[in-house]
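Notes follow once the structure below has been shown.
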Amino acid sequence: MSGDHSHNEDQIDGGSRFNDSHKHKDKQHKHKDHKKDKEREKSKHGNSDHKDSSDKKHRDKEKEKEKMKHKDGSADKHKDKHKEKKMKSLDGKVKKEKENGFASPQVKPEPEEDFYHSPKIEKTLKRERDVDIDSEFKPKKLKIENDKKVKKRKQEDEDIKPKKTRNKPGVADGKKKAKNEPEEKWKWWEEERATDGSKWKFLEHRGPVFAPPYDPLPNNIRFFYDGKQMKLSPEAEEVATFFGKMLDHDYTTKDIFRKNFFKDWKKEMNAEEKGKITDLKKCNFSEINDYFKAQSEARKAKTKDQKLKLKEENERLLQEYGFCIMDNHRERIANFRIEPPGLFRGRGDHPKMGMLKRRTRPKDIIINCSKDSKHPDPPPGTKWKEVRHDNKVTWLVSWTENIQGSIKYIMLNPSSRIKGEKDWQKYETARRLKKCVERLRTQYREDWKSKEMRIRQRAVALYFIDKLALRAGNEKEEGETADTVGCCSLRVEHIKLYPENDGQEFVVEFDFLGKDSIRYYNKVPVEKRVFKNLQLFMENKEKDDDLFDRLNTSVLNKHLQELMDGLTAKVFRTFNASITLQQQLVHLTSADENPTAKILSYNRANRAVAILCNHQRALPKTFEKSMQNLQAKIDTKRDQLVDAKRDVKSSKADAKVRRDEKSKKSVEAKKKALERIEDQLMKLEVQATDREENKQIALGTSKLNYLDPRISVAWCKKWDIPVEKIYNKTQREKFAWAMDMAEEDYEF
DNA sequence: TAGTAAACTTAGCAGTTCTTGA
DNA sequence: TCAAGAACTGCTAAGTTTACTA
């Protein structure tokens with residue numbers, strides 16, 4: 001596996017990485033006041049990035065630094081104040097340097113097609129601009145936006161041109177005639193796409209399903225404070241149940257969780273409760289906890305009929321609220337239920353864990369649908385916050401949550417046209433990257449030698465993103481989320497440099513918490529120039545200073561956009577994941593393997609990608625036990641095999657003596673039984689191997705989000721493996737487009 | 001143009017459902 | 001038929017990118 005991705009050996013050989021890779025439970029990276037410290041530090045050190053170090057360790061480094069001084073020196077007299085300020089000046093430079101014909105074009109106004117005006121809307125401070133877009137004409141902005149969009153759309157259309165155009169009559173005008181037709185599989189990928197930036201023309205749905213109202217505890221379930229029974233007000237009791245339910249969870253032992261919970265709980269208490277309940281340690285929620293456990297048991301113990309009734313009720317709800325009509329087609333909605341209230345479960349060391357996630361009500365809800373549809377009714381006696389008709393977005397319902405103040409959405413299922421098209425387009429962009437990746441690699445290698453620090457940093461970061469499939473690494477607001485990083489936000493403390501390690505030269509050790517506070521640990525040999533650059537970037541910095549202090553994701557993506565239309569940092573992840581799968585499949589599949597072994601090969605290829613992308617999972621709680629069970633099955637099967645072999649032998653001997661038809665048949669039957677057992681044993685052994693190799697790796701994420709499904713479909717066709725062995729029903733629905741269009745010779 | 005909000009994708013966990021085999 | 005455990009699904013947090021405002 002080299003070809004497009006010559007460094008893949010490093011990528012998939014994640015062995016050392018995974019052995020000690022696990023989730024950090026402890027706060028490994030204290031990053032409090034990091035920014036402030038950094039700024040202080042920066043003014044202390046002045047132009048530390050560029051000034052000569054008195055400690056002249058490496059001649060070539062000194063030479064490089066000398067060059068830097070010539071380029072940046074005088075300008076750097078400003079003593080590296082704030083990174084933000086630096087970035088401002090940097091951006092100016094980026095503009096000037098445009099050299100490949102992608103500089104911002106001068107654009108002419110285009111008439112805005114404005115047929116989805118918002119109705120009169122009570123403007124809220126937060127989201128009024130959505131309304132403005134529709135109701136106000138802003139020539140300058142719209143001019144640029146439109147042109148950008150047009151350009152983008154043109155590229156997208158290039159990317160995913162339908163194989164054949166087969167417009168269904170009446171589709172374009174978007175009326176709701178198809179409402180209850182049991183739809184045959186709709187091949188949206190064979191139809192033309194809208195080119196005006198609109199996501200739909202007609203949209204009708206029933207709105208969200210709200211969480212059921214709070215059902216108070218029965219009187220016999222008591223809460224105790226300081227050993228004494230205490231009846232709580234319904235508001236306080238509801239929040240107490242949120243905590244009580246979670247008693248068995250690790251969360252409730254964490255200080256931050258308890259502190260946040262208690263603070264928010266007190267807000268729900270009445271004056272009397274507030275006065276009495278002053279210490280969480282004195283609260284006894286055990287009866288509440290037992291109650292919910294019993295509820296859960298009772299649910300499991302329901303009779304078949306009761307379970308069936310529940311299932312039918314769920315199905316009814318799904319049929320009513322789980323679908324919408326979008327442009328003549330009935331499409332499945334992904335999440336039609338509003339998130340119920342509860343305690344916020346942030347991942348890692350999240351500063352807001354335990355806070356009360358409040359109940360979302362109709363007055364918090366914005367409905368998005370088309371003007372000419374039947375708008376969903378709010379529950380009796382309530383009102384929606386707003387009903388809007390914005391066909392430039394894909395969501396049906398939105399609301400703002402109270403923990404981070406971010407917006408949550410109800411959107412369509414991955415099997416829908418709107419999601420499928422986007423997915424398809426994502427892989428097409430990655431395929432375009434494949435065509436020019438060598439040029440980009442040559443360029444960033446060249447940039448490692450640049451006289452400008454910012455360009456070197458950009459080039460090294462891009463190398464990591466490409467080689468190691470790191471995420472972009474946006475800046476995050478401190479104190480709002482767990483301290484996690486990606487490539488651009490790496491700090492000095494996250495890497496260690498070894499000029500020589502285990503017989504390899506220029507080794508970089510990465511150790512940081514990434515998305516979801518999943519640890520990324522990897523030791524990789526890098527090119528000498530990268531190594532020297534890293535030494536330079538780290539010089540005179542404290543451990544909590546940014547490694548790439550002259551880079552952020554927006555600068556990086558702007559640069560990438562200039563190199564290839566539609567290119568962003570995450571395209572590299574998609575590209576490298578897909579190309580790795582394709583190469584690994586070629587490498588691992590052999591024609592003479594049986595189907596079981598072929599599927600193992602597929603899973604191994606998938607695993608290589610999951611390792612590359614650092615998709616880890618916690619060791620399943622029952623792993624050891626289920627492994628033991630499997631091993632026991634294998635042992636039993638082996639015994640059976642010995643017996644079966646013996647049977648065959650004796651029946652053969654018997655047949656030799658008797659020479660009759662009956663004993664001949666008996667030999668055949670024994671042989672068949674032996675074959676069956678051999679086959680069963682082989683399958684069990686493969687299963688054990690697969691499970692063992694997979695214990696801490698999650699395959700699903702890459703399969704669903706990073707691997708061009710056409711590669712898998714083509715592989716299935718080539719080796720005559722049923723696609724059902726690779727994709728389950730849901731996945732097949734999501735990838736229907738790929739299953740329809742990929743032939744066995746498909747190449748990513 | 002920088003900062004921020006909005007939109008959308010990616011992510012692991014946990015609860016539920018399905019499958020298997022005794 | 002039932003229990004165990006594997007597989008699937010839903011949920012929602014946490015990212016990235018894009019769009020918009022000041």
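Naming convention: chains lettered A, B, ... in sequence-line order (proteins, then strands); numbering from 1 in each chain.
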Go through the structure and list residues passing ring-ring contact (aromatic ring centres under 6.0 Å, His included) with Phe261(A), not counting sequence neighbours. Phe243(A), Trp265(A)
With a 4.0 Å cutoff (strictly under), does any side-chain N or O of [X] reach OP1 or OP2 of [N]?
X	N	value
Asn474(A)	dG15(C)	no
Arg573(A)	dA11(B)	yes
Thr701(A)	dG12(B)	yes
Lys570(A)	dG15(C)	no
His350(A)	dA14(C)	yes

Please work out which residues in residues 331-340 of chain A have a non-hydrogen atom less than 4.0 Å from an atom of DNA chain C and list them by number.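 Per residue number, the list reads Arg332(A), Arg337(A), Glu339(A), Pro340(A).
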Starting from P on dT10(B), measure out to OH on Tyr409(A) and report it in whole angstrom. 16 Å
Does the protein touch nucleotides 17-22 of chain B at the base, only the backbone, or not at all? Give it as B, S and - per nucleotide, heavy atoms under 4.0 Å. ----S-
Suppose we screen for side chain to side chain donor-acceptor pair (under 3.5 Å). Which residues come up paired with Tyr727(A), at least two apart in sequence or across chains? Ser712(A)
Distances under 3.5 Å between protein N/O atoms and the N/O atoms of nucleotides 14-16 of chain B, please, pair by pair.
from    : atom 1 : to        : atom 2 : distance (Å)
dA14(B) : OP1    : His249(A) : NE2    : 3.0

Could I get the full list of salt bridge (Lys or Arg N to Asp or Glu O under 4.0 Å) partners for Lys734(A), not counting sequence neighbours? none
